[in-house]
Amino acid sequence: MSFIRSSTRTLFPRRPYNGRLSLRSLSTLPGNDHVYIHPTGTTYTLSLLPTTPVNPTTALGTCTSASSLSGFQENPAFYPVLQATMAAHAAADPYVQQEAIAFASQSGVSIDRAAHTRRGAKRAEKPGGWIHVCDLRNTPAFGRIAEPQDIFGSLMVDGQGNVLQGSYSPNNTYRLRTEQEGVMRLSEYLHGKLVEALKAI
């Protein structure tokens, strides 16, 4: 099965070479247009940035085959930037906030049912808990927990479904690529924040 797709966009480098602009077409992963494939000698570098030449510091990693992504090697410098972005912005992601509201709603239903089993019981206060910030390449079914390799980290939520700022805890078992689901896929909001961070490097 092929993982490569040609991009129709033409890219310009930030700086002209010898006074001339060089044109270069890049390929992107099918179903994940945010990941660009940069040919680099005998390997291929995967990056969220279309800038050429690719900056190896900001890349996701390298692979030996652009079609199968075999031999993928994570870039150790990328992971800290990813997790710093999650810690700073995951709580404000609309997708994560929807998950938090759904979590609080389900918790409230369970607590209310337990409280009303006793006659005259007062309405129980909803408890808080933790939700996972997950890679969208493999979203779990409602009420299920994602695989550890697909979880960026976790956030604390109060009983009303509010995400608590500063509560992000990273998951060290997360993997940028899995054999089953492929390369990392972010929400539009977190993708934008991560690209901003990478451009600043």
Sequence neighbours left out, what passes ring-ring contact (aromatic ring centres under 6.0 Å, His included) with His34? Give chain and number order. His191
With a 3.5 Å distance limit and no angle check, can you tell me whether Asn32 reaches the backbone of Met184 through a side-chain donor-acceptor pair? yes
Measuring from Arg177:CZ to Leu60:CG, what's the distance to the nearest 0.5 Å? 12.0 Å
Start with the C-alpha gap between Met86 and Leu186, add the side-chain angles, then the distance that decides, and say whether side-chain contact (heavy atoms from CB on, under 4.5 Å) holds. CA-CA 11 Å; Met86 291 293 169; Leu186 299 172; 3.5 Å; yes
Using the test side chain to side chain contact (heavy atoms under 4.5 Å, CB included), find all partners of Asp93 that sit at least two apart in sequence or belong to another chain. Tyr95, Val96, Ser187, Tyr189, Leu190
Any donor-acceptor pair under 3.5 Å linking the side-chain atoms of Thr40 with those of Thr45? yes
OG1 on Thr43 to CD on Gln73, rounded to 0.5 Å: 10.5 Å
For residues 46-70, the ring pair (Phe, Tyr, Trp, His ring centres under 6.0 Å) pairs (sequence neighbours left out) are none
Sorted by first residue and then second, give each salt bridge (Lys or Arg N to Asp or Glu O under 4.0 Å) pair with at least one member in residues 161-170; sequence neighbours left out. none
So do the side chains of Thr139 and Glu99 get within less than 4.5 Å of each other, counting heavy atoms only? no
Between the side chain of Thr85 and the main-chain N/O of Val81, is any donor-acceptor distance below 3.5 Å? yes
State yes or no: do Tyr79 and Leu48 share one hydrophobic cluster built from I, L, V, M, F, W and Y residues joined by side-chain heavy-atom distances below 4.5 Å, directly or via other members? yes
Distance-only donor-acceptor hits, side chain of residues 142-152, under 3.5 Å, sequence neighbours excluded:
from   : atom 1 : to     : atom 2 : distance (Å)
Asp150 : OD1    : Arg137 : NE     : 2.9
Asp150 : OD1    : Arg137 : NH2    : 3.0
Asp150 : OD2    : Asn138 : ND2    : 3.0

If you group Ile, Leu, Val, Met, Phe, Trp and Tyr by side-chain heavy-atom gaps below 4.5 Å, do Leu136 and Ile131 land in one group? no
State whether the side chain of Thr64 and the backbone N or O of Ser70 hold a donor-acceptor pair below 3.5 Å, judged by distance alone. yes
Can you check whether Thr52 reaches Tyr36 side chain to side chain, under 4.5 Å on heavy atoms? no
With sequence neighbours left out, which residue pairs that include part of residues 61-79 fulfil the salt bridge (Lys or Arg N to Asp or Glu O under 4.0 Å) condition? none
Output all residues satisfying side-chain hydrogen bond (donor to acceptor under 3.5 Å, both in side chains) with His89, sequence neighbours left out; order by chain, then residue number. none
Quick one: list whatever passes side chain to side chain contact (heavy atoms under 4.5 Å, CB included) with Gln165, sequence neighbours left out. Ala91
Reported CG-to-OG distance for the pair Leu155 and Ser169, which is rounded to 0.5 angstrom: 9.0 Å
So, using side-chain hydrogen bond (donor to acceptor under 3.5 Å, both in side chains) as the criterion, who are the partners of Thr42 when residues are at least two apart? none
Residues two or more places apart in sequence or in another chain: which of them pass side chain to side chain contact (heavy atoms under 4.5 Å, CB included) with Thr58? Leu49, Asn55, Leu198, Ile201
State the NE2-OG distance between His38 and Ser27, to the nearest 0.5 angstrom. 10.0 Å
Is Asn75 reaching over with its side chain to a backbone N or O of Pro56, donor-acceptor style, under 3.5 angstrom? yes
4.5 Å side-chain heavy-atom contact, Leu46 and Leu176: no
Partner residues of Phe72 under the ring-ring contact (aromatic ring centres under 6.0 Å, His included) criterion, sequence neighbours left out: none
Under the side chain to side chain contact (heavy atoms under 4.5 Å, CB included) rule, collect the residues that match up with Gln97, sequence neighbours excluded. none
Does Asp135 reach the side chain of Thr178, with side-chain heavy atoms less than 4.5 Å apart? no
